[in-house]
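Okay, structure first, notes after.
Just so we're on the same page: letters track the sequence lines, and every chain starts at 1. Values below: all heavy atoms of this structure, side chains included; hydrogens, waters and symmetry mates excluded.
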Amino acid sequence: MRFTSPPDPINFNQQVWDIVRRVPPGRVTTYGEIARRLPLPEGMDPKAYLAFAPRWVGGAMAACPADVPWQRVINSKGEISARPGARMQHQLLEEEGVQFNERGRIDLTIFGWPDSAGEQEQPHLL
DNA sequence: GTTGTGACATCGC
DNA sequence: CGCGATGCCACAA
């Protein structure tokens, strides 16, 4: 059963997965960043979208295909969200070269994608 | 129709 | 940097 879905869940999920597939190994991205790269559904206030799109992204990840590196999607704190498989996600990221703090957090200024140094990809919303 | 909740973000202290 | 409080949309009971 799917959780909350955007007005166009199929298209939304597809775009989410597409973005996640573009995340290079050894890098991580956040729900918020993904949400910013997604188009704003017509008739929806940007504010409202930005407020809840991240959760829709999470909903998309819940049904993500096997070819999507879901482990590279984390929350804005740089931490792995509480959910079954978090332990495995941690291990997978470490194997990719992502370093965790003692608290289990990732330094997004280093491993965050896109990197602020100019590895920018596509323009974003707003 | 009302209430609660979700793989979160952002602002303030 | 960390913690607490607030907000938003859609859906199930």
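Checking B:dT10, B:dA7, C:dA10 against every side-chain atom of A:Met61, the shortest atom distance belongs to B:dA7. Closest contact between the side chain of A:Pro54 and the listed nucleotides B:dA7, C:dC8, B:dC8 involves B:dC8.
Distances shorter than 4.0 Å separate some side-chain N or O of A:Ser76 from OP1 or OP2 on B:dA9. Checking the phosphate oxygens (OP1, OP2) of B:dC8, a side-chain nitrogen or oxygen of A:Ser81 falls inside 4.0 Å.
One atom, CZ of A:Arg55, and another, C1' of C:dC11, lie 13 Å apart when rounded to the nearest Å. When the C1' atom of C:dA10 is taken as reference, atom CG of A:Leu50 falls 17 Å away, rounded to whole Å. As rounded to whole Å, 5 Å separates atom C1' of C:dC8 from atom CZ of A:Phe52. Protein atom CG of A:Asn75 is 14 Å distant from nucleotide atom C1' of B:dG6, rounded to whole Å. Nucleotide B:dA7 holds its P atom 14 Å from the CZ atom of A:Phe12, rounded to whole Å. Summarising the geometry, the separation between CG on A:Asp45 and C1' on C:dC8 is reported as 10 Å, rounded to the nearest angstrom. Between A:Trp56 atom CH2 and B:dA9 atom P there is a gap of 15 Å when expressed in whole angstrom units. Atom CZ of A:Arg103 is separated from atom P of C:dC1 by 12 Å (rounded to the nearest Å).
Smallest separation of non-hydrogen atoms from A:Ile80 and A:Arg83: CG2-NH1, 4.0 Å. For A:Tyr31 against A:Val57, the heavy-atom pair with the smallest separation is CD2-CG1, 3.7 Å.
Using a 3.5 Å distance cut-off with no hydrogens or angles, the side chains of A:Arg72 and A:Gln89 do not pair a donor with an acceptor. A:Asn11 and A:Gln15 form a side-chain donor-acceptor contact under 3.5 Å, judged by distance and modelled atom types alone.
Counting distance only, with no hydrogens placed and no angle test, the side-chain atoms of A:Tyr31 and the base atoms of B:dA7 include a donor-acceptor pair under 3.5 Å.
Spacing between B:dA7 and C:dT6 at atom P, rounded to whole Å, works out to 22 Å.
A:Ile74 and A:Met61 are not part of a single hydrophobic cluster, where members link through side-chain heavy atoms under 4.5 Å apart.
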